[in-house]
Amino acid sequence: MRRFQLMRSFPFPWFRRETTPNETSPLIPKADSDKEGAEAAVHAGTEGSLDQEASQQISDGHNQATEASGGTRVGRPRRHYSSTDYILKYLLFISNLLFTVLGLVVLVLGLWGLVNKESLAQEKIGSIGTDPMLLFVTVGFVLSVLCLSGCVGALRENCCLLRVFSAAVLVLVTAQVLVAIMAYSLQDQIGGFLRTGMLSAMARYQDDLDLRFITDEIQIGLQCCGADNYRDWEINMYYNCSSPGVLACGVPATCCVDPLENGTVWNSQCGVGAQQLGEFSAQSVIFLGGCLGGISRWVEQHTGVIGVVATVILGVQILTLLITTRLLDSIHWSKARAEQPKV
């Protein structure tokens, strides 16, 4: 049936009917004189070409009528979507495009940081695992690749890319839920991990600009000094009391209560010798509390905000997963409807 319809759609020369009137046609009376036969012979060529063009126009009109009535089409079938499907399709495309650009920006920023700090050099490659820029590279790469697959899959209606995208989003949602459960049940172990990471950052404070920046921001923002107290800075080789330098037995200027001299000039030497002071004397110069306690208090004060942000992020991911699933179902349904043979 399908082969017969394809042959009818195209006016192949060997299937074309002869439409030129001749002597055997029942609608044309036979010639009564030689004059009528001569006139028919003169105009035979012109009528043949006109009839061929008319036949082609009739065939084209038949094809258009077949398509308009929902008949079988040759080539790629048209897919039928509702207005909601189109809105969801382009919403998925635009959102993934924005996150793809964001992922590329984060990836470029991380690579720039690694190159600028020469972290890829042979003498520093061993400590690249603790480099904060590596986190930017990883997050940027995963985000850009994942969102690019969703972006192209939604635009091109590619089921394979959309399946990969939806599977990756499902894995991320599952991982985030598991991490939240583990974080709630392993609060004591997380505190130990934070303490180890803080001490490691303090030990490399002078050698790694990124760790120095992060440590300074934590101490300024939370008004703290060290991991547990200000004496933790002895772990740093420059602030150790056995160090021969001018920073020996001191703390960074970000530990100081008032690091600005006369309110305008940054006094980088305000924490010199602070470790030798007792708590009563040091409290007027530096912050005595450690940053781990400050982090715990900050988390307790902002538990509601953290919960709302986490819920919104998780909800957006679940909504994206539902939109992708709906788009996949629409694509499969439209394909099945378009490929269904018409009677």
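The first residue of the sequence shown is numbered 1, and numbering continues consecutively from there.
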Can you confirm whether Tyr205 sits close enough to Tyr239 that some side-chain heavy atom of one is under 4.5 Å from a side-chain heavy atom of the other? yes
May I have all residue pairs that pass salt bridge (Lys or Arg N to Asp or Glu O under 4.0 Å) and include part of residues 273-300, sequence neighbours excluded? none
Looking only at non-hydrogen atoms, find the nearest pair between Ala227 and Met198 and report the distance. CB-CG, 3.9 Å
Would you say Gln206's side chain and Met237's backbone share a donor-acceptor pair under 3.5 angstrom? no
Apart from Val152 itself, members of its ILVMFWY cluster (side-chain separation under 4.5 Å) are Leu148, Leu161
Salt bridge (Lys or Arg N to Asp or Glu O under 4.0 Å) contacts in which one or both residues fall within residues 229-255, not counting sequence neighbours: none
Take the angle between the ring planes of Tyr90 and Phe93 and call it parallel below 30°, perpendicular above 60°, tilted in between. perpendicular
Any chance you could measure Leu107, atom CG, to Thr100, atom OG1, to the nearest 0.5 Å? 12.0 Å
Please determine whether a side-chain nitrogen of the Lys or Arg among Asp228 and Arg195 lies less than 4.0 Å from a carboxylate oxygen of the Asp or Glu.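 Between Arg195 and Asp228 there is a salt bridge, with a charged N closer than 4.0 Å to a carboxylate O.
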Leu111 side, atom CG; Phe141 side, atom CZ - distance, nearest 0.5 Å: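 One gets 10.5 Å once the value is rounded to the nearest 0.5 Å.
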Would a hydrophobic clustering, with Ile, Leu, Val, Met, Phe, Trp and Tyr connected at side-chain separations under 4.5 Å, put Leu155 with Leu97? yes
Heavy-atom side-chain proximity of Phe99 to Leu146 below 4.5 angstrom: no
Side chains of Asp207 and Tyr238: does their closest heavy-atom pair fall under 4.5 Å?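 They are in contact (side-chain heavy atoms under 4.5 Å apart), so the answer is yes.
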Determine whether a donor-acceptor pair (N or O, by modelled atom type, separation under 3.5 Å) exists between the side chain of Asn236 and the backbone of Met202.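 The answer is yes, because a donor-acceptor pair under 3.5 Å joins these two groups.
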If two hydrophobic side chains count as joined below 4.5 Å and joins carry through other members, does Val179 share a cluster with Val308?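 In one cluster: no.
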Just by modelled atom types, is the Leu321 backbone N or O under 3.5 Å from a matching donor or acceptor in the Thr325 side chain?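 Judged by distance alone, yes, a pair lies under 3.5 Å.
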Indicate yes or no: at least one non-hydrogen side-chain atom of Leu162 is less than 4.5 angstrom from one of Asn158. no
Shared ILVMFWY cluster between Val164 and Leu92, side chains joined below 4.5 angstrom? no
Ignoring hydrogens, what is the shortest heavy-atom contact between Gly250 and Trp233? Give both atom names and the distance. O-CB, 4.1 Å
Please give me the minimum heavy-atom distance between Ala253 and Pro259, naming the atom from each residue.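 Smallest interatomic distance, heavy atoms only, reads O-CB, 3.6 Å.
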Using 0.5 Å steps for rounding, measure from the OG atom of Ser330 to the CG atom of Leu88.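 Between Ser330 OG and Leu88 CG, I get 8.0 Å after rounding to 0.5 Å.
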Set of residues satisfying side-chain contact (heavy atoms from CB on, under 4.5 Å) with respect to Gln317, sequence neighbours excluded: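 Listed in chain order: Val169, Val173, Gln176, Ile313, Leu314.
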Quick check on the hydrophobic clustering: are Val177 and Leu322 connected, directly or via other members, by side-chain heavy-atom contacts under 4.5 Å?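 Val177 clusters together with Leu322.
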Please report the interatomic distance CZ(Arg204) to CG(Asp208), rounded to the nearest 0.5 Å. 5.0 Å
Quick one: does any side-chain atom of Ser334 pair with a main-chain N or O of Ile331 as donor and acceptor, under 3.5 Å?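 Side chain of Ser334 to backbone of Ile331, a donor-acceptor pair under 3.5 Å: yes, one is there.
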Looking only at heavy atoms, which two atoms of Ser144 and Leu104 are closest? And how far apart? CB-CD2, 3.8 Å
Does Thr324 use its side chain to pair, donor to acceptor, with the backbone of Thr320 at less than 3.5 Å?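 Yes: the side chain of Thr324 pairs with the backbone of Thr320.
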With side chains defined as the heavy atoms from C-beta onward, is the minimum distance between Thr215 and Gln219 less than 4.5 Å?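 Yes - at least one pair of side-chain heavy atoms lies under 4.5 Å apart.
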Tell me which pairs pass disulfide (SG to SG under 2.5 Å) where either residue lies in residues 176-240, with sequence neighbours left out. Cys224-Cys291, Cys225-Cys255
Do Ile323 and Lys89 have side chains that approach each other closer than 4.5 Å (heavy atoms only, starting at C-beta)? no
Do Val145 and Phe136 belong to the same hydrophobic cluster, where Ile, Leu, Val, Met, Phe, Trp and Tyr are linked whenever their side-chain heavy atoms lie under 4.5 Å apart, directly or via other members?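 Hydrophobic grouping puts Val145 with Phe136.
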Working to the nearest 0.5 Å, report the span between CG of Leu172 and CD1 of Ile318.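 Going from the CG atom of Leu172 to the CD1 atom of Ile318 covers 12.0 Å.
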Can you measure from CG (Asn229) to CG (Leu292) and round to the nearest 0.5 angstrom? 10.5 Å
Mind checking whether Arg326 and Thr84 have side chains closer than 4.5 Å, heavy atoms only?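 The answer is yes; the side chains approach within 4.5 Å.
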Any side-chain heavy-atom pair from Leu328 and Trp333 closer than 4.5 angstrom?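 No. Closest side-chain heavy atoms not under 4.5 Å.
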N/O donor-acceptor pairs under 3.5 Å from side chains in residues 281-289, not counting sequence neighbours:
from, atom 1, to, atom 2, distance (Å)
Gln283, NE2, Phe280, O, 3.4
Ser284, OG, Ser281, O, 3.2

